[in-house]
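One structure is given here, and the rest of the page talks about it.
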Number of protein chains: 2
Amino acid sequence: MNIHGGYYGDNNVVDYSVNINPLGLSSHIRQAIIDSIDEIDKYPEIKGTTTRNAIAEYLHIDYNKIIMGNGASELIYLYARAIKPKKVLIIEPTFNEYRRAFELVGSDIYDYMLDSNNDFIFNVDEFATMINKVNPDVVVLCNPNNPTGKLIDEKELLDIIEIIRNNNSFLFIDESFIEFSDRESIIYKSDYDNILSLRSMTKYYAIPGIRIGYAVSNNKVINKMEEYKEPWTMNTFALNIVPKIIQDIEFHHKISKWITTERDYMYSQLSKINNITVYKSYTNFFLCKLKYFSGNMLNLQLLEKNMYIRVCENFQSLDDRFIRIAIKKHEDNEKLINVLKNIID
Amino acid sequence: MNIHGGYYGDNNVVDYSVNINPLGLSSHIRQAIIDSIDEIDKYPEIKGTTTRNAIAEYLHIDYNKIIMGNGASELIYLYARAIKPKKVLIIEPTFNEYRRAFELVGSDIYDYMLDSNNDFIFNVDEFATMINKVNPDVVVLCNPNNPTGKLIDEKELLDIIEIIRNNNSFLFIDESFIEFSDRESIIYKSDYDNILSLRSMTKYYAIPGIRIGYAVSNNKVINKMEEYKEPWTMNTFALNIVPKIIQDIEFHHKISKWITTERDYMYSQLSKINNITVYKSYTNFFLCKLKYFSGNMLNLQLLEKNMYIRVCENFQSLDDRFIRIAIKKHEDNEKLINVLKNIID
C-alpha cells in the first residue's frame, strides 16, 4: 500500500485517497490515443511545440511563457535544478515533492507553517515578518492547497505577491487544483516578473497515467528551465491528447456541475458527523481531523467496507488523526458518509 | 527540421536519419495500449515495480540491480545528477546527451577521441595512458556506438573494464544498440561492481513515442539513483507494454533476420560507391564520409527524391561531410543506394 495514495490495487475498493476527478475521461481521449498508436514509432516533438501552442492559444498566453512537463512533477524538479535557490520558504502543510525537489539541489528549506487549530489561516503580516527575516529566494505556495483544500483569495494573493516582490523574491505557485475551484489562475492578474504558475492536467482530466503538466512564467525563467530540460520527456499520447481535451466544453460543464453539487453535499454531511472536524475546501477533496481516532485504524475498518482514505501523517505538522477524503460520484460520497457515521459518530 | 533527426514531418519522405527499427511494432503493442486506456485514470506505479520485475525475469538479473526510465535519456541525466562525478572521460565521437548531462551537474569533461582516419579504432594502451593521466571518476562508452556503428568486442571490453577498475573509476556503458548486433550485453560477463549498462527500448522495439529505458548496475549505484529519481516518470502505456514485447520471440526473429541481411546488403552496396567511405557497423545504421560533398548539400538533393539523412556535424570531431544512414526495409535501402549512386558516384 503506497503512502502517496491512489495506488489501491483492488478494483473493488473505492479509493478516496486519490484526488482524481471520478467522472472519467473526456470523450475525446480514447479515440485520440487509438489514433496516436500509428505515431509511436516516431520521436515525439522534443519540446512538445505543437502542444505548447495549443495551450498558449487556450490560455491566451504567449507561447514563450509556457513550458510542458512529463506531469507537473517534472516541472517542480526542473525548476529546482534550473534555479538552485539558496533559500526556499514553503507554505506548509502541503504536497511533499516541493521540499524533496529543493532539498535535492541543496536549498535550505524554511517553513511558514499554517496552524490546523487556526483553520490554516494565512496571516499576511506574519508572513511579511517571516519573509523579512528569512530572505528566501523562492516562496512555494500551493493554491488551492493539497492537502488542506484551502484557497487564498485573489486580493490577498496579490498582497502576498507584492510582499514577495518587495523582498526581491519569487513565487512558485502550484495551481494544479485551480480548475476545481471557481477561481481563475493568478497569471491573469499579475505580470509574470516574479511568479511561476504550475499546472497539472492529471487531476482535473483524470489522466495520471499519461503524465501532462505545464508551467507559465516569464521568458527568463522559462528559458532557464529549457536550458536544463531533458529531451523527449513527454510521450506521444500526452502531446496528442492535450489539444483535444482542453477545448472539450462539455467535459468542463460536466465537472463544474459535479464539483459544485458534491462539494456542498460532502461539506454539509461531514460537518454533521461528531468527532470529526472538516476544513472548508476549494478543491475536490476535504481534509478532516479525527477527534479520537487514528486514520490508519479508520482505514482498517473502511477496508472491510471496500473503502480507503488518505492518512496525512507524512505531511509537515499533520499526524495520523488527519485524513484526506476525495470527492467522488454522488453514490460513493453517500456510501462513505454513511459508513463514517457508523464508525465515528 | 530538427538537427537530432527523426522528426521529418512529411510522411512522404523516407527518413534515413532515424535509427529506429523500420519493421514496425510488435503485434502485441496495439492491443496492450488499447487495453491500458481504462487504467490511465490511475497513477502508474511510482517505480514501475511490475515492469521492473518483468525485465529482471527476462534478463535473469536481480530486481534490485535494475532501474526503469522514461526513455534511456532520463537515466543518463539521473545518473549524472545522482553521482555528480568530478571528472568524466567520454569516448568520442558519440551521442551528445552524455556530455550535456554531465556538464549540467558541473563535471569536467575529458575526451578520448577516436580518429575517423584510423577507422575509429579503440587503442587500449592509449586509453590506459589517458585514464592514468586524467583519473576520471566515470568513463562513458556507447557500445555499439552511435554514430559510428563500431563495436568493441568482449575481450577488449573486459580489458578496458579492468583498466577502469584498476583506476578506481566506473564505466557508464550505453548498450542501447546491442540488440541489433549479434552480441550479448557485457553485464553477463562482468560483475557489476564498477559498471552501469544503459538500455533503450526505443530503437529495437520502434517505440520512441512511448519512452522506455532501463539500466543495470550494482545495488549501491541503483539505490543512489533511486534516491534522486523523480516520481511517476513512466506512463501507464510504457509500463504495461514492456512485459508483452520483451517475450515476443516472433518479433525478435523477424528483426534478427532483417538486420543481418540488410546490413550486409547496405555495407556491400555503400562500399561500391565512389567518393564515399563507409564504416563497418554492428548497429542498424552506417556512418559514412563523403569525399567532396557536404551532407547538407546532399540532403537538398535527396529531399527532391523524398529522402532524408542525418548530417553528423554536431558530433564531436565530425563535420558536415559525415552522414549517418539508417538501415530500412529492403526496397527503401535499394532506393537510397540507387539515388546515392546517381548523385555521388
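These numbers come from the heavy atoms of this one structure, side chains and all, not from hydrogens, waters or symmetry mates. Proteins get letters first, then strands, A, B, ... in listed order; numbering begins at 1 in each.
Contact of A:Ser36 with chain B is not made at all, since no heavy-atom distance falls under 4.5 Å. Only the side chain of A:Leu25 comes within less than 4.5 Å of a heavy atom of chain B; its backbone N, CA, C and O stay farther away.
In terms of heavy-atom proximity, A:Glu230 sits nearest to B:Glu74 at OE1-CA, 3.8 Å. Counting all heavy atoms, side chain and backbone alike, A:Pro44 lies closest to B:Pro208 at CD-O, 3.3 Å. Residues B:Ser73 and A:Pro231 come closest through the heavy atom pair OG-O, 3.7 Å. Across all non-hydrogen atoms, the minimal contact from B:Met234 to A:Arg211 is O-CD, 4.3 Å.
In this structure, B:Arg100 does not pair ionically with A:Glu227, as no charged nitrogen and carboxylate oxygen lie closer than 4.0 Å. A salt bridge between B:Arg30 and A:Asp38 is present, with a side-chain N of the basic residue lying under 4.0 Å from a carboxylate O of the acidic one.
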Please walk me through it: do B:Ile34 and A:Ile37 pass side-chain contact (heavy atoms from CB on, under 4.5 Å)? CA-CA 9 Å; B:Ile34 293 170; A:Ile37 297 178; 4.1 Å; yes

Evaluate B:Arg81 against A:Arg81 for side-chain contact (heavy atoms from CB on, under 4.5 Å), listing each step before the verdict. CA-CA 10 Å; B:Arg81 277 207 301 282; A:Arg81 277 206 302 282; 3.2 Å; yes

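Between A:Phe237 and B:Ile33, some side-chain heavy-atom pair lies under the 4.5 Å cut-off. The shortest side-chain heavy-atom distance between B:Ile207 and A:Asp41 does not fall under the 4.5 Å cut-off. Contact check for A:Thr236 versus B:Ile210: no side-chain heavy atoms found under the 4.5 Å cut-off. Taking 4.5 Å as the limit, every side-chain heavy atom of B:Asn70 sits out of range of all side-chain heavy atoms of A:Asn235.
Ring pair B:Trp232/A:Phe95 is parallel by interplanar angle, where below 30° counts as parallel and above 60° as perpendicular.
Counted within 6.0 Å of NZ on B:Lys84, heavy atoms from surrounding residues, nucleotides or ligands total more than 12; the atom is thus considered enclosed.
Contact count versus chain A (heavy atoms, under 4.5 Å) is highest, among B:Ile29, B:Val105, B:Thr233, for B:Thr233.
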